[in-house]
Q: 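Could you have a look at this structure, given as C-alpha cells, before my questions?
Keep in mind that the numbers below use all heavy atoms, side chains included, and drop hydrogens, waters and symmetry copies. Not measured: the values here are computed from a predicted model. Chain letters run A, B, ... following the sequence lines, proteins first, then strands; residues in each count from 1.
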Amino acid sequence: AGRVAWIRSTRSGGPSQSTSENSCGGRGARGGGARGKHPPHLKGREIGLWYAKWGGIKRSEAERKSVRTYVTSYFDGDDPPEGPQKMGKVAEMEPDKKQKQEQEEEKEVKMKAKVEPRERDLEYLFQDLVRKPALDVELKSDFQAKAENPKYLEMLKFRETLPSYGMREVNLVQASRVVVISGETGCGKTTQVTQFILDDYIQRGAGSLCRVVCTQPRRISAISVAERVAAERAESVGEGRSCGYQIRLQSRLPRKQGSVLYCTTGIILQWLRSDPCLSSISHLVLDEVHERSLQSDVLLAVVRDLLHSREDLKVVLMSATLNAEKFSKYFDNCPMIHIPGYTYPVEEYLLEDVVEMLRFRPQHQDRRPRFPRSFLQNQWTRPEKEAQEAEYRQSWPCFARSLRDRFSDDTIEALERLDEDDKINLDLIVALIRHIVMNEDDGAILVFLPGWDNISGLNDLLMHAPDPVHPNTITVDDVVYVIDGGKIKETHFDTQNNISTMAAEWVSLANAKQRKGRAGRVSPGKCYHLYNGLRASLLDNYQLPEIQRTPLEELCLQIKILKLGPIASFLRKTLDPPSEKAIELAITHLKDLNALDRSEELTPLGFHLARLPVEPHIGKMILFGALLACLDPVLTIAASLSFKDPFCIPLGKEKLADHRRKILSKNSKSDHLTIVNAFWGWEDAKRRGYKCEREFCWDNFLSANTLQMLHNMKGQFAEHLWAAGFVRSKDLKDSSANINSENEKLLKAVIVAGLYPKVAKIRPSLHKKRPMPVKVYTKADGKVCIHPKSVNAEETQFHYTWLIYHLKMRTSSIFLYDCTEVSPFSLLFFGGDISIQKDQEQETIAVDEWIVFQSPARIAHLVKNLKRELDVLLEEKIRQPRPVDWDDRGSSDCAVISAIIDLITTTQVLFIPPNLQLCDLFLQKI
DNA sequence: AATAGAAAC
C-alpha cells in the first residue's frame, strides 16, 4: 500500500467529471439548406408539423390554419420555412394584425385545452414506428451475421459472465407494461437489458418496431454506456447504427427504428414538449431511479399518467435493491425482477473497531473553552434531525455499556470524546491510513470526505506526515481500502425562512453501501466507516429525495409548459411530493416575476421563460440582454450562472487565484462582469492559437472545459432567442444584437432586470481612515456576508450602496456567492414598483418600499413615468417578440429605450438637487 | 474568510 486519494463525497459516490467535447453544432447532423428538407432550427414535433404543412400532405384550409397556429405559438409570423421572419416584412404584415390577434386568442384556448382533438389527429405523423418489413429482414440478417463476427463473439463471452445475462430469457419486459429491475452496480443491467429487448425484437423479425430509450442521470454515463453497448455489438456509436446517445448540446443518434438511445433524463423531459406521448418510443428504460433525482421523479409521474394513453408503451425502471419495492408500489404493484450482484467480499469496520485497533486517543483540537454541544451545533438544525440527535443521546449510555465486554475502557472514552466534536477527526484518518500502509496488503486507499476544508486539511496533514504517503491519482480498479468519513454535504430548502442551505449530514445507509462497494470492484477489500454502531443503527435508509430539498420555480414552469395540469395537483402525484408550503412559495415567486398570472396560467413572459433551458431569473436576464442589445456578454453571464463559473482554485493556490480574479474584474465591482472579461480574454487567446488559449487559462486559473461548455450553451440560448423572434440572427456576435455590449453600466442594469429582487444593501464602514470591509444586508435575512470567492469580498470602496446577486445560501452563515454593484437608476428602471413619498420635508422615491432614495418629487415623477413607459414597451416586446429597430431613432421603442440607456450610462449620481440638467435630459428624451 | 453533486429537443 502506498497510494491514497480522496474524493468529495457525492450522492453517487463517484469523483465528478465533466466532458465537453467540442459540440459546436451539436445537432449539426441535420444540415440545412437542401430543398425539401425542414429548416434546421425546428425540433421534434415541430419538424413533423413542418412536413405536414410543406411536405406535400394535402389538407383543408381549416386544418392548415390550425396547424399553423400551433407552430406560431412559438414561431410567430408567416415567413417561409427558410428562417425566422425578416424585419423587412413588418410593413407588409400590418394588415394582418387582426388575424394575428385571432391567432393569439386561439393560442390561448389551445394552451388551456388539455388534449386538442386536432393534435391527436396529427399523432400519426410522430408515430414513427411504422413497421418496415425490409428493415426487419435486414436487421435480422445483420444479427445472424454477428454470430460469425469474432469481435462480437469475444464481447459475448464477457457478457455471458454478467449476472444480468441470466435474465435474458425472462421476458417479463414484454409481458408486463411496467417492470422494476433491481440489482447492484456491476451486475450489468444498464448495458444488457436494453440489448435484450432490442435483440428479442430483431430475432422475431420485428426490429423496426423497437426503439428503446434509456435515461441516465449523468451526461458522462449516457455517453460511456452507449459506447460500451456499441462495442459489445461490434459496432460504433451513432449515425444509422443500433446504439447512440444524446445529451445537452451533443449527440450521436442511432437509427430511429431498431435501436437503443441512451440519453440524460432532461432530454426526455424536453422531448415531451413536442411529443407529449413519446409516440416514437416503444420502450422507456429509466435507470438509477433509486437516486431520486428531481428529473427522474418528475419523469416517473409523467410516465405513470402517460400509461393511460399509451397502452403499447413498455416501461422498465432500474433501481438499487434497497427500495425497488417502493417503485413497484407506485406503479400499481408491477412485477419486480432482481438481479443478484457480484462483487468481491468487503470487510466492514465501525468506528469502535478502528479506535480499538489503532488505540487511537483524540487530542483536543485547540485550547478553546469547550461549549456545550447544543451551542456548537448549527443553530438551524431541522426538526427531524433534532429528534434523531435526541434519540442518539438518550441511547448512548446503554450503547456504551454494551461495548464494554468487547472493547477497552480507553476505547469507549475515546468514542465519547470523538462524539463531543461534530467535525470529522482528521488525525484519526491519518492514523488509519498509516496503519493500512504499514500493516495491510498493497492497494489504493479511497477516502470519502464531505467538503473542501476536510480535503485540504487532510492534504496538509499527509504532506507533512513523516511516513511516505502522498495523495495520488488512482483509478476505480485500484481501490482496495475505503475510508468512509460518514458525512455528506446536502442542500436543503428551508421553507420557513425561504432560503437554500447546505450542511454536512450523516450519510444514509445507501450512501454507506455505495461507498463500501468501491472497495470490492476487482478484489476483496476493506471499508472503514468512521461512525459508531449506535449511529449506524440510526442512519436513514436514503437521503431525502431532491424534489423535497430544492426550490421549485423552474419545475413549476416546466409543469405548465408540458400542460400537466394544475401545479399542485401534479406535484402531489409524485412519489414523495414536496411540501405544500414549498409549492406555494414557488408559485408566489413566479407570480411576482410576472411569469404566472392570478389563475396560475403562463403569461407571455412566463411562456418564454419556460422555453429557455434556465431558471426563470436567468431567462429574464437573457430576454433583456436581447432587447437591450448587449447579447453576447449577457449570455456569458447567464450561461455561467446556470452552469458554473469557469474559475478553478487549486489546493494551496487560493490567494494567487483570488488575486488573478481581482485583476480580471477590472475594478468593475462585479463577479458577473469578471466572468465576461475572462470569457472575452479566452476567446481572444483562443483566436491566437491553442498554445495561447492554454496559457491564458493557466495564468488566470480558468477551466477551458467549462469555458467551452459556456460557449456552447450561449449558442443554444441564442438559437432560442432567434427562433422566438427576439433577435435577427442566430449569431450571438451579430452587431445589431451587441450595440451596447461594451456599456458596463447597461450590463449591470440588465443583470438587475434579470435578478431583481435579489438585492442587498451595503452599509459602508464608518472608519474613514482605516478602510474596513463593508457590512451587507438583505430585506429578508438581515446581515449577510459576501462569499470570500467573490471579487467584492474584501472590497472597501463602492460607488453605490446596492448589490444584486444570484446565489444566496446558508452554510456557516448566509453568503451571497456572486454579486454586482448596481446604481440607483438601474434599480429604479429595472426593479420593482416605484412609490413616491414626502415626509418631514424629505422627498423620496422607493422601489418596493425598501430601496429608498432621496429625490425631489418632480424628478421622482419623471422617473416613475419613464419607468411606466418602459414597462409597457417591454411587455409589448415580449408579447410580440421583435428585435428593437435601433436604426429608426424616431420609433417609440427606440426613443424610450435610448433615453433610459442614456440615463443609466451618463449619470453618475441621481440626486444633485435641483438637477435641471437631468430634467432637461428627461424631457428631451420623452 | 470559504468552495456537495448533477442536469436541459
Q: Measure from the side chain of A:W271, starting at C-beta and using heavy atoms only, and say which of B:dT3, B:dA1, B:dC9 lies closest.
A: B:dC9

Q: Between A:D671 and A:C819, is any pair of side-chain heavy atoms under 4.5 Å apart?
A: yes

Q: For A:Y542, what residues pass the ring pair (Phe, Tyr, Trp, His ring centres under 6.0 Å) criterion, not counting sequence neighbours?
A: none

Q: Do any side-chain nitrogens or oxygens of A:T811 fall under 4.0 Å of OP1 or OP2 in B:dT3?
A: yes

Q: Of the candidate nucleotides B:dA2, B:dA7, B:dC9, which contains the atom at the shortest distance from the side chain of A:P613?
A: B:dC9

Q: Counting only side-chain heavy atoms from C-beta out, which of B:dA4, B:dT3, B:dA7 sits nearest to A:K489?
A: B:dA4

Q: Identify which nucleotide among B:dC9, B:dA8, B:dA4 has an atom closest to any side-chain atom of A:T491, counting heavy atoms from C-beta outward.
A: B:dA4

Q: Between A:R611 and B:dC9, is there a side-chain N or O to OP1/OP2 distance below 4.0 Å?
A: no

Q: Compare the minimum distances between each of B:dA4, B:dA8, B:dA6 and the side chain of A:T264, then state the nucleotide with the smallest one.
A: B:dA8

Q: Side chain of A:Q716, heavy atoms from C-beta onward: which of B:dA2, B:dC9, B:dA8 has the nearest atom to it?
A: B:dC9

Q: Side chain of A:D658, heavy atoms from C-beta onward: which of B:dT3, B:dA2, B:dA8 has the nearest atom to it?
A: B:dA2

Q: Only one of A:Q543, A:K487, A:E505, A:K516 clears side-chain contact (heavy atoms from CB on, under 4.5 Å) with A:N511; which?
A: A:Q543

Q: Where the side chain of A:F815 is concerned, which of B:dT3, B:dC9, B:dA7 is the nearest nucleotide?
A: B:dT3

Q: Do A:E795 and A:K669 meet the salt-bridge criterion of a basic N to acidic O distance under 4.0 Å?
A: yes

